[in-house]
Amino acid sequence: MADFYTGAKEYFPGIKKIKYEGSQSRNPLAFKYYDADKVIGGKKMKDHLRFAIAYWHSFCGDGGDPFGPGTHVFPWGANNPIEAAENKMDGAFEFFTKIGAGYYAFHDRDIAPEGSTPAESEKNLFTLVAKAKKLQAETGVKLLWGTANVFSNPRFMNGAATNPEFGVVALAATQVKAAIDATIELGGEGYTFWGGREGYMSLLNTNLKKEKDNLARFLTMARDYARKQGFKGVFYIEPKPMEPTKHQYDFDTETVIGFLRQYGLDKDFRMNIEANHAELAGHDFVHELETAAAAGFFGSVDANRGDNMNGWDTDQFPMSYYETAMAMYTILKIGGFKEGGLNFDSKIRRNSIDPADLFIAHIGGMDAFAVGLQIAQRIIDDGVIPGFVKDRYASFESGDGAKFSKGELTLEQLAKIGADAGYGKTGLTSGKQEYLENVLNGYLLGL
Ligand code: XUL
Ligand code: CO
């Protein structure tokens, strides 16, 4: 029996299941570092990393950009849009099983075409959901999260939940309700809200307060509906500061946490952090992860990277071991993923047109996180970096410092402690950043 799924036709012929061959391998279609069953820190790599494939980039995006049409030719040829969607789904599950990813993620419109009425759109969606359910059972691949595309169709050009026209908000609801139903039907572990066009281009035509109130009301309704239908998973908000609007309401993790708390949504929603979005907000990827983790809002990751030299969402595949190590260190420190995972919200370049390129790109991304995981575990096991950080804050562990931490001091008492101690050498302690960077570089070089 083949160790991968194929439908009636094999869509990636000549490519077998991708295997781990080790760092010395020169085979572009083999993992060099991702060894799914290898145990790191008591857990298999595959269970740490929980890789997911993004349906939209891998099977829908055709390489088109504002300057020219698509360059990626998909072989899903069919007599009608439903048949094409079914073929595409066969191709998608063939890819998931050949690359060895345990999860996938989709928007409603990625898997099924829009119909001419909301009812027909929903019927189309559920035709494909039935097929996905069957293929999930056959292959063991699971749904990390589902979502609704309420930003591509021109009717959403002024936003979905934040649209100034109530009628559009109601049409967005038809999609979100159906996408929640689809996610529940497929056992999805999460449901994501990326705020597509929820933001503004100009305050001259925008009632910002009303739009944010409406967004919160919409999210509350979606949460209540999903819970009523028995959804036990996590709701994610995916922060992004700009693009497509000039100012997205879900700007970054801190902004979203404030929003969730303001509107009483903080119990059900967590963060889906995308590396490239973090960069657009002027943050490192790891800053966003650490910020979410510190506030108890860490959920899932959209794995990709931007380009330092330009300011838009390039959605390139992750390849920096430094970034993946820092990311995995934060994730390991809080005990790893629970419902979330590493979803490759990444796309191959417009000029990467060989069928193998989609595999090569994912292999590189999976290897990069496998390296990052091992470096992160090394940081923890070696203890030098965490030990340094622990010692740096040791003065809060005993005496007056401990009293301060427990909230047992007033400002007057705190000031008296300072005054009694005097200036002396207090505060003149090295932060040793360069030393710690050298230690990390040593790990990255395998020293
Ligand atoms: C857009 C983006 C989306 C979300 C899902 O920048 O990241 O693909 O991940 O809607
Ligand atoms: Co994303």
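Remember, it's 1-based here, ligands and their atoms both numbered in the order they're listed.
- Not a single N/O/S atom of Asp315, whether from backbone or side chain, sits less than 2.8 Å from the Co ion (ligand 2).
- Under a 4.0 Å heavy-atom criterion, Asp313 is in contact with ligand 1.
- With respect to the Co ion (ligand 2), Asp345 has OD2 as its nearest N, O or S atom.
- Distances between N or O atoms of Trp194 and those of ligand 1 include no value under 3.5 Å.
- Taking the ring centroids of His57 and Phe344, they lie at or beyond the 6.0 Å cut-off.
- For a threshold of 3.5 Å applied to N or O pairs, the pair formed by Thr147 and ligand 1 contains no separation below that value.
- Among all non-hydrogen protein atoms, the one lying nearest atom 5 (C) of ligand 1 is His107 NE2, 3.2 Å.
- No side-chain donor from either of Glu10 and Thr6 sits under 3.5 Å from a side-chain acceptor of the other.
- A ring pair (Phe, Tyr, Trp, His ring centres under 6.0 Å) with His107 holds for exactly one of Tyr55, Phe151, Tyr191; it is Phe151.
- Donor-acceptor pairing under 3.5 Å is recorded for the side chains of Asn304 and Glu274.
- Near Lys240, meaning under 4.0 Å from one of its heavy atoms, ligand 1 places the atoms 6 (O).
- Annotation: angle subtended at the Co ion (ligand 2) by Glu274 OE1 and Asp302 OD2 is 100°, to 10°.
- Residues Tyr11 and Trp76 place their aromatic rings such that the two centres sit under 6.0 Å apart.
- Cation-pi contact between Lys88 and Phe59: absent, since separation from the ring centre below 6.0 Å together with deviation from the ring axis within 45° is not met.
- Ring centroids of Phe359 and Phe95 are separated by less than 6.0 Å, placing the two rings close together.
- Annotation: Trp145 places no N or O atom under 3.5 Å from an N or O atom of ligand 1; distance criterion only.
- Taking the six-membered ring where the residue is Trp, the centroids of Phe369 and Tyr33 are separated by 6.0 Å or more.
- The closest approach between a heavy atom of His57 and any atom of ligand 1 is not below 4.0 Å.
- Atom OE2 is the N/O/S atom of Glu238 found closest to the Co ion (ligand 2).
- Residue Asp302 approaches ligand 1 through these ligand atoms, each under 4.0 Å from one of its heavy atoms: 9 (O).
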